[in-house]
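What follows is a set of notes on a single structure, which appears directly below.
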Amino acid sequence: MKKFLIMAATLLVAVSCGAKKESKTLVLYYSQGGTTKVVAEAIQQALGADIEEILPVDPYDPDFNATISRGQKEMNEGKFPELEPIKANVKDYDVIFVGYPVWFGTYANPIETLLTTVDFSGKEVVPFCTFGSGGLDTSSKAIAAKLPNATVLPGYGVRAARIDAVPAEVDRFLKEGGFLAGEYVKPAEFPAPHAVSEDESALFDAAVGTYPMIRAKATEVAERDVEGGKEYLFTASEGRGNIQVLVLVEDGKDPVFTQVLR
Ligand SMILES: Cc1cc2nc3c(=O)[nH]c(=O)nc-3n(C[C@H](O)[C@H](O)[C@H](O)COP(=O)(O)O)c2cc1C
């Protein structure tokens, strides 16, 4: 009984009132290596939406380092790749899910071309992305800044290393956004953070492991109950500044970080 009361106090069970009526939905995505494609197809299948892959006329080399140098050069020069013509007429849709891998902390270069050549005025745009460590927050803000005449809604992002979590997370994300009918459990807001204990600091280190892009020490944390476990929002010091890292501990499983916020 006590457990039930605690759960009822910390979790709010929300029943969505049905999917957005009559909206016509398109999933437009770029995926160099196939990871973002998994998310795009999960969204497309859940919603029965139309889907189209964005293809650069001159595809990127599958070699990671070659893509890093080409991508960096394009960004430095402000010259982004030409795309194969998009078959779908974006004007015909109300909601457009725009998917991409995170590159250099923001959306991948082909998306820059998409956003500058296609008119998204008056549309609802929902970003989704995959990444090594994070970039949903930074790339979503960049899309909103690029598309002042569209409504950019909260998006979904997942680490490539957690691709197996996609079916369950996409289902919850679509229900939470009102795109899909059905019940979902909405977690309470994070409470105010407190200074980390030794155990919490060890939990952070275990979640981040040897990930090369995060060399930070946890300083503060807030935690909340989520479906099937606990979620922690750590603030960590990198030396040159602070980052925030979301860590998930599912019941009976080891801690994993789900995304870095900068
Ligand atoms: C050029 C390039 C830059 C990248 N930059 C970042 C980055 O800044 N942050 C990050 O978390 N991951 C970064 N990644 C990793 C990709 O976001 C990640 O592997 C993604 O899941 C790839 O998706 P895809 O298979 O759909 O192409 C980068 C990858 C490449 C190729």
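Just follow the structure's listing: the first ligand is 1, and inside any ligand the first atom is 1. Everything quoted here is computed from the prediction, not taken from an experiment.
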Handout entry: Any donor-acceptor pair under 3.5 Å from T130 side chain to R159 backbone
Key = no

Exercise for the section: Measure the shortest side-chain to side-chain distance between W103 and F131 over non-hydrogen atoms and say whether it is less than 4.5 angstrom. Expected result: no

Fill in the blank from the handout: Per side chain to side chain contact (heavy atoms under 4.5 Å, CB included), L28 is matched among V125, I111, I51, I96 by I96

Problem - Candidates V39, T106, T35, L136 - the one meeting side chain to side chain contact (heavy atoms under 4.5 Å, CB included) with C129 - result: L136

Exercise for the section: Could you tell me whether the side chain of S139 and the main chain of G135 form a donor-acceptor pair under 3.5 Å? Expected result: yes

Handout entry: Shared-cluster residues of L233, by chain and number - hydrophobic side chains joined below 4.5 Å
Key = F190, L246, L261

Practice task
Identify, chain by chain and in numerical order, each protein residue with a heavy atom under 4.0 Å from an atom of ligand 1.
Solution key: S31, Q32, G33, G34, T35, T36, F64, T67, I68, P101, V102, W103, F104, G105, T130, F131, G132, S133, G134, A160

